[in-house]
Trainee: 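Structure incoming, see below.
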Amino acid sequence: MDPGAPAQAEPVEPVEPLGYDDEPEDPDKSDTQWVEAPRRAGQLTPVWRLVFGVGWAAVIVGLVAVWESSRVIGLSTWWLGADAEPCNLLLNLLPFYAPLLVMYAAISNWRFAPYFGVATAAIGAAIGAGDLGRVRWIAVVELVLAGAALCISVASLAGMYRLVAPPDPVS
C-alpha cells in the first residue's frame with residue numbers, strides 16, 4: 001500500500017430513517033425510535049396550530065400594550081384601577097388568564113382549542129365593553145383585540161382534523 005494514498009473508509013451500516021411506526025412498541029427493544037403521536041379529531045394540524053398560537057401570542061402582546069399605555073396616559077381601565085388606588089394584582093391580570101390558557105392549549109395540542117379561543121375572545125370583548133364608559137379609545141383597542149382573537153380562532157376551525165368514516169367495503 002502506498003503511504004501517500006488516501007485511507008479507505010470503513011463500510012458503514014445503513015441507518016433506518018425516522019418516521020411513523022405502524023408496529024406496536026416492543027418494550028424489549030433496546031433502541032428507541034421516534035413515533036408520531038396519533039392524530040385525533042378536533043386537534044389542529046401543525047401549521048394551523050402554529051398560526052393559532054402565534055396569533056394568540058400577538059393578542060397577549062396587544063393586551064400588555066393596553067396595560068402600559070393606560071398607565072402612561074393616566075387613564076385607567078376598570079381592571080387596572082386608578083394610579084392612586086390600583087386594583088388587586090389578581091384583578092389586574094384578569095384579561096390575561098384566558099389568553100394564556102389558550103396559548104397553553106395551542107402548545108399542548110388540546111382538542112377543540114379553536115372553540116376555546118372563540119369563548120376566550122367573547123370574554124375579552126366583555127372586558128373591553130366594561131371600559132366603554134370610562135376610557136372609550138382604550139376600550140376600542142380592547143374590542144379590536146377581541147375581534148382579532150375571534151378571527152384567528154374561527155379561521156383555525158378550518159385546520160382541525162375531522163373524524164372520517166371508514167370507506168364502505170366493495171362487494
Side-chain angles (χ1 to χ4, degrees), residues 18-21 25 27 32-165:
L18 298 177
Y20 187 75
D21 188 8
E25 283 191 42
T32 58
Q33 191 175 21
W34 176 74
V35 179
E36 184 178 324
R39 297 177 179 125
R40 298 177 3 203
Q43 287 181 328
L44 291 172
T45 62
V47 173
W48 274 105
R49 195 172 84 173
L50 177 69
V51 169
F52 183 72
V54 168
W56 273 98
V59 169
I60 292 171
V61 168
L63 288 171
V64 169
V66 166
W67 179 328
E68 182 62 24
S69 62
S70 173
R71 288 292 182 210
V72 168
I73 294 171
L75 301 174
S76 62
T77 60
W78 69 266
W79 46 275
L80 286 175
D83 286 339
E85 193 175 331
C87 292
N88 185 347
L89 181 63
L90 294 175
L91 186 60
N92 286 348
L93 296 176
L94 181 69
F96 298 97
Y97 295 136
L100 286 171
L101 196 56
V102 170
M103 281 291 302
Y104 180 74
I107 292 169
S108 300
N109 201 13
W110 284 4
R111 293 177 70 190
F112 309 111
Y115 292 116
F116 186 56
V118 169
T120 300
I123 293 169
I127 290 171
D131 284 328
L132 280 174
R134 294 176 63 116
V135 282
R136 178 168 302 217
W137 292 110
I138 292 177
V140 168
V141 172
E142 290 173 332
L143 291 172
V144 166
L145 286 171
L150 179 67
C151 291
I152 292 164
S153 298
V154 169
S156 295
L157 292 172
M160 285 178 29
Y161 289 115
R162 307 291 194 273
L163 182 61
V164 180

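These values consider heavy atoms only, across backbone and side chains, with no hydrogens, waters or symmetry-generated copies.
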Trainee: If you measure from CD1 on Ile107 to CG on Leu50, what distance do you get to the nearest 0.5 Å?
Mentor: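 So the CD1 of Ile107 and the CG of Leu50 are separated by 11.0 Å.
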Trainee: Of all residues at least two apart in sequence or in a different chain, which pass the ring pair (Phe, Tyr, Trp, His ring centres under 6.0 Å) check with Trp110?
Mentor: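 With sequence neighbours excluded, Trp110 shows a ring pair (Phe, Tyr, Trp, His ring centres under 6.0 Å) to Tyr104, given in chain and number order.
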Trainee: Between atom CG of Leu90 and atom OH of Tyr97, what is the distance when rounded to the nearest 0.5 Å?
Mentor: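 Between Leu90 CG and Tyr97 OH, I get 4.5 Å after rounding to 0.5 Å.
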Trainee: Just distance, no hydrogens or angles: give the donor-acceptor pairs under 3.5 Å from side chains in residues 57-65, sequence neighbours left out.
Mentor:
none

Trainee: Once you round to the nearest 0.5 Å, how far does CG of Leu44 lie from CG of Leu157?
Mentor: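 It comes to 8.5 Å.
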Trainee: Give every residue pair that meets the side-chain hydrogen bond (donor to acceptor under 3.5 Å, both in side chains) criterion with at least one member in residues 46-64, sequence neighbours excluded.
Mentor: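 Found Trp56-Ser153.
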Trainee: For Ala139 and Gly128, which heavy atoms make the closest approach, and how far apart are they?
Mentor: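 Ala139 and Gly128 have their closest heavy atoms at CB-O, 3.4 Å.
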Trainee: If every non-hydrogen atom of Ser76 is compared with every non-hydrogen atom of Ser70, which pair is closest and at what distance?
Mentor: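 Heavy atoms only, the tightest pair is CA-OG, 3.6 Å.
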Trainee: In Å, rounded to the nearest 0.5 Å, how long is the span from CG of Leu100 to CG of Leu93?
Mentor: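 Spacing of CG (Leu100) from CG (Leu93) equals 9.0 Å.
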Trainee: Can you pull the salt bridge (charged side-chain N to carboxylate O under 4.0 Å, His left out) pairs that have at least one residue in residues 65-78, sequence neighbours excluded?
Mentor: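 Listed once each, the pairs are Arg71-Asp83.
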Trainee: Look up atom CG in Leu145 and atom CG in Leu150, then write down how far apart they are to the nearest 0.5 Å.
Mentor: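 Result: 12.5 Å between the selected atoms.
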Trainee: Any donor and acceptor pair, going by atom type alone, linking the side chain of Ser69 with main-chain N or O of Val66 inside 3.5 Å?
Mentor: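 Yes, the answer is positive, given that a donor and an acceptor are paired below the 3.5 Å cut-off.
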Trainee: Would you please name every residue forming a side-chain hydrogen bond (donor to acceptor under 3.5 Å, both in side chains) with Ser156, sequence neighbours left out?
Mentor: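 With sequence neighbours excluded, Ser156 shows a side-chain hydrogen bond (donor to acceptor under 3.5 Å, both in side chains) to no residue whatsoever.
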Trainee: Distance from Asn88 atom CG to Leu94 atom CG, nearest 0.5 Å?
Mentor: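 Reported to 0.5 Å precision, the distance equals 11.0 Å.
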Trainee: Can you tell me which residue pairs pass the salt bridge (charged side-chain N to carboxylate O under 4.0 Å, His left out) test with a partner in residues 121-150, sequence neighbours excluded?
Mentor: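 Found none.
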Trainee: Once you measure the plane-to-plane angle for Phe96 and Trp79, does it fall in the parallel (<30°), tilted (30-60°) or perpendicular (>60°) bin?
Mentor: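 Aromatic pair Phe96/Trp79 classed perpendicular.
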Trainee: Tell me which donor-acceptor pairs under 3.5 Å the side chains of residues 118-127 have, and how far apart each pair is, sequence neighbours excluded?
Mentor:
unit_1: Thr120; atom_1: OG1; unit_2: Phe116; atom_2: O; d: 2.9

Trainee: Holding to side-chain contact (heavy atoms from CB on, under 4.5 Å), I want the full list of residues that pass it with Cys87, two or more places apart in sequence or in another chain.
Mentor: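 Expected list: Leu91, Asn92.
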